[in-house]
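Notes to accompany the following structure.
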Amino acid sequence: MRGISLDAYGKINWSLAVTGQREDGYHLLDMLLQSVSLRDSLHIFRSDAPELIINGKLSAQPEKNLCTKSAEAFYKYTGIKEACSIKLEKRIPVCAGMGGGSADAAAVLIGLNILHGTRLKHSELADIALTLGADVPFMLRGGLMRAQGIGEQLTALRMKRRMHLVILMPRRGASTREVFASFDSSDAAPFNNDRLAEALTNGDIAGALPFMVNHLQAASARQNRSIENAVRALAQSGAEKALMTGSGSACYGVYSSAEAADNARRLLRGGEFAVYRAGTVDSAVRLTRIY
């Protein structure tokens, strides 16, 4: 085996509640995360020297990219004295709150584990993943999960139906650090993730809508007014609910049917936002080819 290809899926937050803050500054969260069909593709090959190519161009600062950090962490953990070349086809928008970088990092861990036949257990991959970022352990499996703590305490759930989504991405992304720094406890609306999880696992869209909340949305909107415009545009296009995902800036609308979501996409195209049609999926990484 000389190479492997994988798809890495982005995510949305059905909810994001800030429940406190640790002494080290990290915020404590209670979230319901969901993998969606918008994806990046990665092609990983054995190589004499590390290399990262993004959308056909050699990365100028590969050491700052999570793909490179993920590969380095894998080789350090396993002690394998090799390198890899990673070709990344980027489709998930950056600085969007959709976990694109974390998805790519998880795909690299899974891909290298297969490529080198190391047979690391999921728990071992999760330990490596947590050193790369709080979202990366979720991205190893994906689907529907409840995430607590700083995002590392995961409970797997299962949704009975596919949800139809349209995602709007403003021209300017959001800095997670800046959004958390400007978060005010007055932004923390009441939430009930137990009720939300029950509704989602039962495929009850109407029952889920009242409990979908994002405590960071107000803080992010103060930095980027396009977020309010995106939520409004989604609502006007017929969304049952519109919400920002993660720390922003992407916002998504939930629609009652595939037809309603397709119609909304047509209405929203050509405006001030990048528009993506998506649906919920049951996993975060998919193997597509072995060379």
Side chains of residues 60-69: which donor-acceptor partners sit under 3.5 Å, not counting sequence neighbours?
residue : atom : partner : partner atom : Å
Asn65   : OD1  : Cys67   : N            : 2.7
Thr68   : OG1  : Pro62   : O            : 2.8

Only pairs under 3.5 Å count here: list side-chain donor-acceptor contacts from residues 103-114, not counting sequence neighbours, and write none if there are none.
residue : atom : partner : partner atom : Å
Asp104  : OD2  : Lys90   : NZ           : 3.0
Asn113  : OD1  : Thr118  : OG1          : 2.5
Asn113  : OD1  : Arg119  : N            : 3.2
Asn113  : OD1  : Leu120  : N            : 2.9
Asn113  : ND2  : Leu120  : O            : 3.3

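A search for ring pair (Phe, Tyr, Trp, His ring centres under 6.0 Å) contacts involving His215 returns Phe191, not counting sequence neighbours. Scored by the salt bridge (charged side-chain N to carboxylate O under 4.0 Å, His left out) test, Arg172 finds no partners at all (sequence neighbours excluded). With sequence neighbours excluded, the residues that form a salt bridge (charged side-chain N to carboxylate O under 4.0 Å, His left out) with Glu82 are Arg46. Residues satisfying the ring pair (Phe, Tyr, Trp, His ring centres under 6.0 Å) criterion with Tyr75, sequence neighbours excluded, are His116. Checked against ring pair (Phe, Tyr, Trp, His ring centres under 6.0 Å), Phe180 has the following partners two or more places apart in sequence or in another chain: His27. For the side chain to side chain contact (heavy atoms under 4.5 Å, CB included) test, residues two or more places apart in sequence or in another chain that qualify with Ala261 are His164, Val166, Tyr255, Arg277.
Screening residues 142-163 for ring-ring contact (aromatic ring centres under 6.0 Å, His included) gives no qualifying pairs among residues at least two apart or on separate chains. Pairs passing the ring-ring contact (aromatic ring centres under 6.0 Å, His included) check and including a residue from residues 256-291, sequence neighbours excluded, read Phe45-Tyr291.
Residue Tyr9 shares its hydrophobic cluster (ILVMFWY side chains chained together at separations under 4.5 Å) with Val281. Other members of the cluster containing Ile53 are Leu58, with ILVMFWY side chains joined at under 4.5 Å, either directly or via other members.
For Arg91 and Ser41, the side-chain atoms include at least one donor-acceptor pair closer than 3.5 Å.
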